[in-house]
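Report on the following structure.
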Amino acid sequence: MTKLMASAFVSATLLAGASLVQADMHGDMHPQVWADDQSVAGGTVTAEKVTADSNGWLVVHRTDEGMKPGPVVGHAPLKEGENMDVTALLTEDVSAGDHLMLMVHSEEGGMETGVFEYTLGAKEDGPIKMDGKLVTETITAQ
């Protein structure tokens, strides 16, 4: 009798898991950035994983101890869903010890799809927010 109950529990758990995966595949994925401190000697910054609820951009901002986003120093395109090993080319020199904020931006409001049009404070391809907060991960250049 316990074997039957265990089997029913496993089946219910598998079904619940399948419905969660299905929900994620239909755009219910929460945007998030995963990245660690890293060397920027090669002129790039890489996020290990980025999830996005629509096509957009991983944008690299300079930041400081106050953790306010500063000038953009790199970007890379994102596709809706899970993006692995997203690498942004740095457009300015970044030194070891500099703080970089990796932020998810949308593809909305610009004139051209697939062209990064954001400048600090602009509406074009601007940052997205979840629960009123920017979606970021701050790292230190090594």
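The figures that follow rest on heavy atoms only: side chains count, while hydrogens, waters and symmetry mates do not.
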Exercise. Is it true that a side-chain atom of Glu117 and a backbone atom of Glu112 form a donor plus acceptor pair closer than 3.5 Å?
Worked result: yes

Exercise. Any donor and acceptor pair, going by atom type alone, linking the side chain of Glu124 with main-chain N or O of Met111 inside 3.5 Å?
Worked result: no

Exercise. Taking all atoms of both residues into account, what is the closest heavy-atom pair of Pro71 and Leu120, and its distance?
Worked result: N-CD2, 4.1 Å

Exercise. Looking at CG of Asn83 and CH2 of Trp34, how far apart are the two atoms once the value is rounded to the nearest 0.5 Å?
Worked result: 10.5 Å

Exercise. What distance separates Asp36 CG from Glu137 CD, expressed to the nearest 0.5 Å?
Worked result: 7.5 Å

Exercise. Does one hydrophobic cluster hold both Val104 and Ile139, with members joined at side-chain heavy-atom distances below 4.5 Å?
Worked result: yes

For this session: Decide whether Val135 and Val50 are clustered together by the hydrophobic rule: side chain heavy atoms of Ile, Leu, Val, Met, Phe, Trp, Tyr closer than 4.5 Å, transitively.
Result: yes

For this session: Look at the aromatic rings of His75 and Phe116 and report parallel, tilted or perpendicular, splitting at 30° and 60°.
Result: parallel

Exercise. In the single-linkage hydrophobic clustering (I, L, V, M, F, W, Y; side-chain heavy atoms under 4.5 Å), do Val33 and Val40 co-cluster?
Worked result: yes

For this session: Hey, could you give me the OG/CG distance between Ser54 and Leu78, rounded to the nearest 0.5 Å?
Result: 9.0 Å

Exercise. So, for Thr63 and Lys68, which heavy atoms are closest and what is the spacing to 0.1 Å?
Worked result: OG1-O, 2.8 Å

For this session: Would you confirm whether Thr51, through its side chain, and His30, through its main-chain N or O, come within 3.5 Å as a donor-acceptor pair?
Result: yes

Problem set entry | side-chain contact (heavy atoms from CB on, under 4.5 Å) evaluation trace for Met84 with Glu48 | CA-CA 6 Å; Met84 301 301 290; Glu48 293 149 27; over 6 Å; no

Give every donor-acceptor pair under 3.5 Å between a side-chain atom in residues 85-103 and any protein atom, sequence neighbours left out.
residue : atom : partner : partner atom : Å
Thr87   : OG1  : Thr46   : OG1          : 2.9
Thr91   : OG1  : Val73   : O            : 3.2
Glu92   : OE1  : Arg62   : NE           : 3.4
Glu92   : OE1  : Arg62   : NH2          : 3.3
Asp98   : OD2  : Arg62   : NH1          : 3.3
Asp98   : OD2  : Ser95   : N            : 2.9
His99   : ND1  : Thr140  : OG1          : 3.3
His99   : NE2  : Glu65   : OE2          : 2.9

Problem set entry | Exercise: identify the closest heavy-atom pair between Tyr118 and His61 | CE2-CE1, 3.9 Å

Exercise. When you look at NZ of Lys79, are more than 12 heavy atoms from neighbouring residues, nucleotides or ligands closer to it than 6.0 Å?
Worked result: yes

Exercise. Do other residues, nucleotides or ligands put more than 12 heavy atoms under 6.0 Å from Glu108 CD?
Worked result: no

